[in-house]
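Order of the sequence lines fixes the chain letters, A, B, ..., with proteins taken first and strands second; residue numbering starts at 1 for each chain.
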Number of protein chains: 2
Amino acid sequence: METEYETRPREAIARILRAEPRFLSAAELCARLEESGTPVSRATVYRTLERLAAKGEAALRLNDRGEATFMSCDNGHHHHAICRSCGRVEDVACGALDTFVDRLRSLHGFQLDDHSLEFHGKCRSCV
Amino acid sequence: METEYETRPREAIARILRAEPRFLSAAELCARLEESGTPVSRATVYRTLERLAAKGEAALRLNDRGEATFMSCDNGHHHHAICRSCGRVEDVACGALDTFVDRLRSLHGFQLDDHSLEFHGKCRSCV
DNA sequence: AGGATTTTGAGACTCGTTCTCAAAATGCCG
DNA sequence: CGGCATTTTGAGAACGAGTCTCAAAATCCT
């Protein structure tokens with residue numbers, strides 16, 4: 001069988017992610033873990049992140065350097081507004097993309113499965 | 001001074017990009033260049049691609065494995081519909097995102113600078 | 001506590017990308 | 001043309017994020 005263990009590394013990672021409304025890279029996560037007195041190996045950080053993403057509990061995003069970054073994630077389809085100054089992320093409900101979908105269907109004959117939308121700018125406290 | 005030279009590698013790369021409505025990775029580009037009898041080193045491929053992207057003549061996209069891919073690019077802001085089967089890319093004019101922008105302003109106090117939107121599905125010939 | 005099972009960590013490894021620097025190509029000017 | 005300053009190229013070294021390996025440690029169950 002395949003039971004799941006609750007371990008110190010996993011809890012430490014989940015705790016940091018939950019407290020931070022930003023996408024963190026594996027390296028940043030490692031640093032925070034070290035600072036907070038619970039060092040965790042890179043391998044474990046990656047494994048845990050992959051696990052969380054698979055369970056839908058973390059969102060994965062590739063930053064502009066192609067590095068994987070993660071953020072704790074509520075369920076449900078939505079998009080992100082990312083502050084280019086502090087990195088804070090706000091969720092934006094998804095809707096009103098009908099115009100685009102229609103355009104795709106009629107103009108291009110495209111069968112839409114999926115989309116991704118991301119906003120960049122400055123959050124309230126960074127303006 | 002800094003003059004620009006017209007060279008065989010640069011022309012070969014531009015020719016391949018212009019003929020292909022898909023995002024190509026540096027590796028794929030290298031392979032095509034080899035096939036077409038104009039081998040170009042990786043270093044040069046990356047340098048040329050970076051140059052084209054800076055001049056706005058090529059679009060850069062990170063694929064889901066974090067690899068940089070490039071496609072020749074008309075100017076003007078628009079988005080892409082990418083066929084998950086053949087990779088063909090169709091341009092989609094940008095508009096009607098007002099609903100989102102409004103929501104961001106009023107709900108989150110977010111000052112929007114920029115956004116990116118990508119559609120995935122199947123193109124006419126792959127459905 | 002004992003033991004089957006899962007998880008972890010250190011470091012080797014992979015692979016995309018960047019860097020280095022000597023050799024080759026380009027364009028210019030006499 | 002032919003020489004020359006300048007730019008570009010290529011081979012391979014270097015770098016870095018991410019993955020893999022496997023023995024040691026942790027977890028949970030009884």
Side-chain angles (χ1 to χ4, degrees), chain A residues 1-17 20 22-55 57-73 82 87, chain B residues 1-17 20 22-55 57-71 82 87:
Chain A
M1 230 217 302
E2 285 229 349
T3 329
E4 276 208 346
Y5 290 178
E6 273 176 29
T7 68
R8 201 179 315 265
R10 288 182 181 172
E11 280 161 10
I13 290 170
R15 178 155 22 86
I16 290 184
L17 277 188
E20 195 92 36
R22 287 172 186 72
F23 281 93
L24 297 176
S25 68
E28 286 169 322
L29 216 27
C30 276
R32 307 267 176 120
L33 288 162
E34 189 112 46
E35 287 166 22
S36 64
T38 325
V40 176
S41 72
R42 248 171 318 145
T44 298
V45 168
Y46 279 111
R47 281 185 290 232
T48 304
L49 254 17
E50 180 186 17
R51 211 169 116 275
L52 290 174
K55 291 204 294 181
E57 293 175 14
L60 162 63
R61 178 180 117 88
L62 298 172
N63 68 16
D64 52 6
R65 291 207 306 278
E67 300 166 4
T69 62
F70 298 82
M71 186 178 63
S72 85
C73 185
I82 304 174
Chain B
M1 228 213 307
E2 284 228 350
T3 329
E4 276 207 344
Y5 290 178
E6 274 176 29
T7 66
R8 202 181 311 268
R10 289 182 180 172
E11 281 160 9
I13 290 169
R15 178 155 23 86
I16 290 183
L17 277 189
E20 196 93 36
R22 287 171 184 74
F23 281 94
L24 297 177
S25 69
E28 286 169 321
L29 216 27
C30 275
R32 306 268 175 120
L33 288 162
E34 189 112 46
E35 288 167 20
S36 64
T38 324
V40 176
S41 73
R42 253 169 313 146
T44 297
V45 168
Y46 279 109
R47 282 185 290 232
T48 304
L49 255 15
E50 180 186 16
R51 211 168 116 276
L52 290 174
K55 293 204 293 180
E57 293 174 12
L60 162 63
R61 180 180 117 89
L62 298 171
N63 68 18
D64 52 6
R65 290 206 307 277
E67 301 167 2
T69 61
F70 298 83
M71 185 177 64
I82 305 174

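In this entry the distance linking CZ of R51(B) with P of dT9(D) reads 8 Å, nearest Å. The nearest whole Å value for the distance from the CG atom in L24(B) to the P atom in dT17(C) is 13 Å. The interatomic distance linking E50(B) (CD) with dT9(D) (C1') rounds to 15 Å, in whole Å. The distance from atom CZ of R10(B) to atom P of dG10(D) is 11 Å, rounded to the nearest whole Å. As a whole-Å value, the separation of R65(B) CZ from dT14(C) P is 17 Å. A straight line from CD of E28(A) to C1' of dG18(D) spans 16 Å, rounded to a whole angstrom. In this structure, the CD atom of E11(A) is 11 Å from the P atom of dT8(C), given to the nearest Å. In this entry the distance linking CG of L33(A) with C1' of dG9(C) reads 14 Å, nearest Å.
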Contact string for nucleotides 19-30 of chain C, one letter per nucleotide 5' to 3', B = base within protein heavy-atom range under 4.0 Å, S = sugar-phosphate only, - = neither, reads BB-----BS---
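For A58(B) against L17(B), the heavy-atom pair with the smallest separation is CB-CD1, 4.5 Å. Of all non-hydrogen atoms in I82(B) and G87(B), the two that sit nearest each other are CG2-O, 4.2 Å. Closest heavy-atom contact between F23(A) and A59(A): CE2-O, 3.6 Å.
Across all strands shown, A27(A) has no heavy atoms under 4.0 Å from either base or sugar-phosphate atoms.
The shortest side-chain heavy-atom distance between L49(A) and L29(A) falls under the 4.5 Å cut-off. Between I13(A) and R10(A), every side-chain heavy-atom pair lies at or beyond the 4.5 Å cut-off.
Defined by atom type and a distance below 3.5 Å, a donor-acceptor pair is missing between the side-chain atoms of T48(A) and R51(A).
The side chain of T44(B) places an N or O atom within less than 4.0 Å of a non-bridging phosphate oxygen (OP1 or OP2) of dG10(D).
Ion pair E28(B)/R22(B) not flagged as a salt bridge, since none of the NZ, NE, NH1 or NH2 atoms sits closer than 4.0 Å to an Asp/Glu carboxylate oxygen.
Between the axis at the start and the axis at the end of the helix from dA1(C)-dT30(D) to dG30(C)-dC1(D) there is an angle of 20°, using five pairs per end and rounding to 10 degrees.
A distance-only check finds no donor-acceptor pair linking the side chain of R61(B) to the backbone of M71(B) [under 3.5 Å].
For E6(B), there are no salt bridge (charged side-chain N to carboxylate O under 4.0 Å, His left out) partners two or more places apart in sequence or in a different chain.
Each of dT17(C), dT9(D), dT7(C) was ranked by its minimum atom distance to the side chain of Y46(B); first place goes to dT17(C).
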